[in-house]
Number of protein chains: 2
Amino acid sequence: MTEDTPKPARKRQARGQRRMEQLLDAAAEVFAEKGFKGASTNAVAARAGASPGTLYQFFGNKEELAEALMARYVDRLRAAHGEAFDPALASLPLDELIDRVIDPLIAFDRANPGFPALLADPDLSPELAGAKKPAQNVMFDRLDLIFKTRAPHLEPDQRHRTAEVAVHLFRGLLPLIMGAAEGEELAAVTAETKRALGAYLSSVIG
Amino acid sequence: MTEDTPKPARKRQARGQRRMEQLLDAAAEVFAEKGFKGASTNAVAARAGASPGTLYQFFGNKEELAEALMARYVDRLRAAHGEAFDPALASLPLDELIDRVIDPLIAFDRANPGFPALLADPDLSPELAGAKKPAQNVMFDRLDLIFKTRAPHLEPDQRHRTAEVAVHLFRGLLPLIMGAAEGEELAAVTAETKRALGAYLSSVIG
DNA sequence: TTTTAATACGAGCAATCACTCGTCTTTTAA
DNA sequence: TTAAAAGACGAGTGATTGCTCGTATTAAAA
């Protein structure tokens, strides 16, 4: 068990950082369009205006590319949520609490369509599935914390399950949300999502 | 616009029918394990104990194979649901109605794990996506019909949306259901699914 | 029995994909 | 100014895949 990281820790230049961002942007698009398996690394490189060799200078293989993309999503999600989340949230009326959590989440998912697409993709390797967990836990942990202060009588067991169900419930309605046209349709689907969440949660945590 | 089907309508022997079933069984397994893109037709043939050439004698290409598999699922689902569905259902108490609809559906999905896996697979071609619709409409149509008699005051628009949300809500919780171990865990997740559905539906259709 | 068609095989083809490597250019460090 | 390192390129490689086709076997029709 050596302590140092096995990575050679290459020095990145500003140009390299920019290239990585371009490649991740391209990967987000192509993955969203074709899925992980269906996307070719050459296509990603081409969309980023780079050559295959350049892509592999920054990402060791296709999986590392997807992992890096997922990691960037998690960072952004945490940032977007950090703003919309404060401890006082737990004492809000349920409807308002849901508004405060769901609205930014929907905005994020619609602004980053590659994120839910990659999350939902079933044919990811075990390593990548591991990289997905943090993304799922971002929501789960926050919810669990809220429930803890809001419904302290709940057994941890049931609290966890409630959080998990709430997350999956939302994820199930996401395709409807992602497919909705901005405007009336989106508003209707959003309202319905909140109604479903609110109905479920109030039946559990009062 | 010719009237006859463009298919040469080859005569199948009993042996051929058996082979097709074997190939579809194998396809269900391999698709469930690797996803549509990740599954190779040679692997499907091998698992069925057949050669690639034999597979392509019955299915013109990989997509037709998946379409045939999906069609077989839809048939089975309709059969399983036809039994559990009768017109009197609409007048039942909501909880009981949900039991009668959800229990056989969960049983079916757990008995045919390839079905939800294939349904959820994102990287299917447009043709295959079209083949998915009947499967989705099996549930949707039944729900819409039930709501029509049960909540006649609902606008068709909102009724459709309610059915769609109910279907997606269930589908969102399916991964939890599919992953649960038979017994206590499955019972808990099933109960939670019914609770979510019941809470949502009673908030819409009273 | 003879003939025709359905079933079965599996080596192999053309296309695609993830990834490499030798070479060149640009940037940073000395 | 020069040396070293990072970035960039893209043709090419080995492996895999969907699918074909010539041939052989089995079963049904004549």
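Treat the numbers as computed from the prediction; the structure is a model and nothing was measured. In what follows, chains carry the letters A, B, and so on, assigned in the order in which the sequence lines appear, proteins first and then strands, with residues in each chain numbered from 1.
- Taking atom CZ of residue B:Arg15 and atom C1' of nucleotide D:dT26, one finds them 5 Å apart after rounding to whole Å.
- Counting any heavy atom pair closer than 4.0 Å across all strands shown, A:Ala14 reaches no nucleic acid atom.
- One interatomic measurement links the two molecules: NZ of B:Lys62 to C1' of C:dT16, which rounds to 13 Å at whole-angstrom precision.
- Taking atom CD of A:Gln13 as the reference point, atom C1' of D:dA5 lies 8 Å away to the nearest angstrom.
- For A:Gln57 and D:dG7, a side-chain-to-base donor-acceptor distance below 3.5 Å is present, hydrogens and geometry of angles not being considered.
- Relative to the side chain of B:Thr54, the nucleotides C:dT20, D:dG7, C:dA8 differ in distance, and C:dA8 lies closest.
- B:Glu64 has its CD atom 15 Å from the P atom of D:dG18, to the nearest Å.
- Between B:Gln17 atom CD and D:dA27 atom P the separation is 16 Å, expressed in whole Å.
- The pair B:Glu164-B:Arg161 does not count as a salt bridge, with every side-chain nitrogen at least 4.0 angstrom from each carboxylate oxygen.
- At the heavy-atom level, A:Ala45 lies nowhere under 4.0 Å from the strands shown.
- Following rounding to the nearest Å, B:Leu65 (CG) and D:dG18 (C1') show an atom-to-atom distance of 12 Å.
- Classification of B:Asp103 and B:Lys194 as a salt-bridged pair holds, one side-chain N sitting under 4.0 Å from a carboxylate O.
- The stretch residues 19-34 of chain B has no heavy atom under 4.0 angstrom from DNA chain D at all.
- Residue contacts for B:Asn42: at a heavy-atom cut-off of 4.0 Å it reaches a base atom on one of the strands shown.
- The CE atom of A:Met70 sits 4.0 Å away from the CG atom of A:Leu118 when rounded to the nearest 0.5 Å.
- One atom, NZ of B:Lys11, and another, C1' of D:dT26, lie 16 Å apart when rounded to the nearest Å.
- Residue A:Tyr56 has its side chain nearest to C:dT20 when only D:dA8, C:dT20, D:dT20 are considered.
- The aromatic rings of B:Tyr73 and B:Phe115 sit tilted, their planes meeting at an angle between 30° and 60°.
- Proximity of A:Arg18 to the phosphate of D:dG7: no side-chain N or O atom is located under 4.0 Å from OP1 or OP2.
- Atom CD of A:Glu63 is separated from atom P of C:dC19 by 8 Å (rounded to the nearest Å).
- Counting non-hydrogen atoms of other residues, nucleotides and ligands closer than 6.0 Å to NZ of B:Lys34 gives a total of 12 or fewer.
- Nearest-nucleotide positions on DNA chain D for A:Pro52 and B:Pro52 put A:Pro52 closer to the 5' end.
- Residues B:Phe147 and B:His160 fail the side-chain proximity criterion, which asks for heavy atoms closer than 4.5 Å.
- Within 4.0 Å of A:Gly53, counting heavy atoms only, lies at least one base atom of the nucleic acid.
- A salt bridge links B:Arg72 with B:Asp25: at least one charged nitrogen is closer than 4.0 Å to a carboxylate oxygen.
- Side-chain N/O atoms of A:Thr193 and A:Thr190 include no donor and acceptor closer than 3.5 Å.
- Counting any heavy atom pair closer than 4.0 Å across all strands shown, A:Ala48 reaches no nucleic acid atom.
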